[in-house]
**Q** 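For reference, the structure I am asking about is given below.
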Amino acid sequence: MYRRLAALALACALAPSAALADIRIGVIASSTGPGASMGSLYRSTVPLLPKTLGGRAVEYIALDDATDPSSAVKTARKLVTENKVDAIIGPSNVPTSMAVTEVAREARTPQLSLAPIVLSPDRAEWIFVVAHGIDLMVDSLTADMAKRGVKTVAYIGFSDAWGDAVYRALQESAAKRGIKVLSNERYARTDNSVTAQVLKIVSLTPDAVLVGGSGTPGALPHLSLRERGYQGVQYNTHGVINKEFLKLGGKGVDGVIVPSGPVQVVEQLPADSPIKPVAGRYAQQYESTYGADSRNAFAPYTYDAYLLLDAAVAKIPADVPAGTPAFRQALRDALESLQGTVGTQGIYMMSPTNHNGLDERGVVLMQARSGAWQFLP
């Protein structure tokens, strides 16, 4: 009897430490606020994630940052100090994700950004970007412009880090193809009108207009351009690929061209595409959970973050316990070493100088037509 009680006591004593040994992953997404139409989609994948990483038990702690950078910082600090997470997935938009990078760096905790943020190499040691890079996506748009004979393009984007990044990418990519950028108009995500900015753009008579937007606020310039009778080609970023954008924009966004990851049109990928089976399985799982035609361009990035973490954790020796600085360091090093991890949205080729690793193999173009996104050959 005594031995049985002693064994039970020992088991109870060890139980808390065993629980603490489980990997904890924080997930930050904008479930409320202006970015909710996107953030809620990123978060929707969390219930679908497997309960192990590299064979070890994992707990996901998903929190809302209300699309507010200061709230995102507080949320991240709570995750690293109170929840002792081993990595952070998110946040889901550029301003909030950029804000959280400071927490990740200070806490020496890997961050897998779901937003396509851009950092200088000296600030990117602990930051990995799951989403397609802005440069890659904008380059696919200027390539399409060149095919259509576009010589001039006007720009209007958010007056924040996202708008800045898209504009910089446009300047570089357009110059490479001999396309002149005529304007750099801005608006806030919460604005209700862009009439003044659009009047300036229309007066320049550009061949095309690129809107550096995301979520439902990204529809506003297109609606205003249609009201002013603009007839040129209209483009936006991969940040607007959701049903809410199409619903709000209606006929006003018909014809808008955007770059996308392949999940939206996975059935149309070549049969020999290594991405097709991974993206296809994910799309099937997602739609079996949320209904037919529920797939979207954002939720898959959360799954790709899982795939990257799963591959990285598998590289960490079993005797390195989760929840420790040593484990987080090993996780960071393993993420950086991943070569050829096939995700739903592309193939990740990480390196010390590239913490994103996606290339043109994971990019397709789509066009808004009659309230739906259609593959654009």
Side-chain angles (χ1 to χ4, degrees), residues 29-44 64-68 92-96 114-116 131 137 141 154-160 162-163 166 185-199 201-202 208-261 263-265 290-301 365-376:
S30 301
S31 300
T32 58
S37 67
M38 292 167 51
S40 59
L41 298 177
Y42 286 112
R43 187 164 176 167
S44 66
D64 174 28
D65 64 17
T67 325
D68 177 66
S92 56
N93 68 67
V94 169
T96 53
L114 297 174
M137 291 304 219
L141 295 181
Y155 177 76
I156 176 172
F158 289 153
S159 53
D160 58 24
W162 175 256
V166 176
E185 298 296 327
R186 300 303 183 93
Y187 70 107
R189 294 173 186 249
T190 54
D191 283 351
N192 295 316
S193 173
V194 289
T195 299
Q197 297 95 315
V198 165
L199 285 174
I201 287 173
V202 172
V209 175
L210 171 59
V211 178
S214 66
T216 51
L220 185 59
H222 297 297
L223 297 175
S224 189
L225 285 164
R226 295 299 186 204
E227 289 175 1
R228 299 290 174 256
Y230 179 70
Q231 297 297 314
V233 189
Q234 295 189 45
Y235 297 89
N236 210 311
T237 72
H238 48 308
V240 299
I241 307 174
N242 61 50
K243 290 183 178 180
E244 286 73 15
F245 172 85
L246 296 172
K247 183 178 180 180
L248 176 66
K251 294 182 179 180
V253 297
D254 263 7
V256 172
I257 298 170
V258 298
S260 174
V263 172
Q264 292 291 96
V265 290
Y290 294 106
D293 198 34
S294 59
R295 75 178 73 170
N296 56 80
F298 305 113
Y301 287 125
L365 293 183
M366 301 192 305
Q367 188 170 41
R369 297 175 185 166
S370 303
W373 294 110
Q374 301 293 328
F375 178 68
L376 188 65

**Q** Over all heavy atoms of both residues, which pair between Ser214 and Met38 is shortest? Give the atoms and the distance, please.
**A**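 In this case the closest contact between Ser214 and Met38 is CB-SD, 3.7 Å.
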**Q** How long is the gap from OH on Tyr235 to CD1 on Ile257, to the nearest 0.5 Å?
**A**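 So the gap between those two atoms works out to 4.5 Å.
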**Q** How long is the straight-line distance from CD of Gln264 back to CG of Asn242, given to the nearest 0.5 Å?
**A** 9.5 Å
**Q** Does Arg226 have any side chain to side chain contact (heavy atoms under 4.5 Å, CB included) partners at least two apart in sequence or in another chain, and if so, which?
**A**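 Partners of Arg226 under the side chain to side chain contact (heavy atoms under 4.5 Å, CB included) test: Gln234.
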**Q** Please report the closest heavy-atom contact between Asn236 and Gly218, naming both atoms and the distance.
**A** ND2-O, 3.2 Å
**Q** Would you give the length of the straight line joining atom CD1 of Ile156 to atom CG of Leu220, rounded to the nearest 0.5 angstrom?
**A**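 Ile156 atom CD1 to Leu220 atom CG measures 7.5 Å (nearest 0.5 Å).
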**Q** Would you give the length of the straight line joining atom OH of Tyr290 to atom OG of Ser44, rounded to the nearest 0.5 angstrom?
**A** 5.0 Å
**Q** The test is side chain to side chain contact (heavy atoms under 4.5 Å, CB included); show your working for Met137 and Thr237 and say whether it passes.
**A** CA-CA 7 Å; Met137 291 304 219; Thr237 72; over 6 Å; no
**Q** Hey, is the main chain of Gly35 close enough, under 3.5 Å, to the side chain of Thr67 for a donor-acceptor pair?
**A**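 The answer is yes, because a donor-acceptor pair under 3.5 Å joins these two groups.
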**Q** Restricting to non-hydrogen atoms, name the atom on Val240 and the atom on Phe245 that form the minimum distance, rounded to 0.1 Å.
**A**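 Minimum heavy-atom contact is O-CB, 3.2 Å.
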**Q** Run the side chain to side chain contact (heavy atoms under 4.5 Å, CB included) check on Leu199 and Arg228 step by step: do they pass?
**A** CA-CA 8 Å; Leu199 285 174; Arg228 299 290 174 256; 3.6 Å; yes
**Q** Run the numbers on Tyr187 and Val198 for side chain to side chain contact (heavy atoms under 4.5 Å, CB included), then give the verdict.
**A** CA-CA 11 Å; Tyr187 70 107; Val198 165; over 6 Å; no
**Q** Is a side-chain N or O of Arg189 found less than 3.5 angstrom from the main chain of Pro217, in a donor-acceptor match?
**A**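 Not at all, since once roles are kept as given, no pair shorter than 3.5 Å links the two residues.
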**Q** If you compare all heavy atoms of Pro116 against all heavy atoms of His238, which two are closest, and at what distance to 0.1 Å?
**A** CG-NE2, 3.9 Å
**Q** Between the main-chain N or O of Ala208 and the side-chain N or O of Tyr230, is there a donor-acceptor pair closer than 3.5 Å?
**A** yes
**Q** Got a second to check how far Asp254's CG is from Leu246's CG, nearest 0.5 Å?
**A**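 Going from the CG atom of Asp254 to the CG atom of Leu246 covers 8.5 Å.
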**Q** Can any side-chain N or O of Arg186 pair as donor or acceptor with the backbone N or O of Gly157 at less than 3.5 Å?
**A** no
**Q** For Tyr155 and Gly163, indicate whether the former's side chain and the latter's backbone hold a donor-acceptor pair under 3.5 Å.
**A** yes
**Q** Check side chain to side chain contact (heavy atoms under 4.5 Å, CB included) between Ser92 and all other residues, then give those that pass, not counting sequence neighbours.
**A**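 Ser92: side chain to side chain contact (heavy atoms under 4.5 Å, CB included) contacts with Ala29, Ser30, Tyr42.
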**Q** Which atoms form the tightest heavy-atom contact between Trp373 and Val256, and what is the distance?
**A** CZ3-O, 4.0 Å
**Q** Nearest 0.5 angstrom please: Glu227 CD to Leu225 CG, how far?
**A**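 Output value for this atom pair is 9.5 Å.
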**Q** For a salt bridge (charged side-chain N to carboxylate O under 4.0 Å, His left out) check, start with the C-alpha distance between Arg43 and Asp64, then their side-chain angles and the critical distance, and finish with the verdict.
**A** CA-CA 9 Å; Arg43 187 164 176 167; Asp64 174 28; 5.6 Å; no
**Q** Quick one: does any side-chain atom of Gln374 pair with a main-chain N or O of Gln367 as donor and acceptor, under 3.5 Å?
**A**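 Judged by distance alone, no pair lies under 3.5 Å.
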**Q** Closest heavy-atom contact between Leu223 and Gly252?
**A** CD2-CA, 3.8 Å
**Q** Treating Asp191 as the side-chain partner and Ser193 as the backbone partner, does any N or O pair qualify as donor plus acceptor under 3.5 Å?
**A** no
**Q** Can you name the side chain to side chain contact (heavy atoms under 4.5 Å, CB included) partners of Leu365, sequence neighbours left out?
**A** Ser140, Leu141, Asp144, Pro259, Leu376
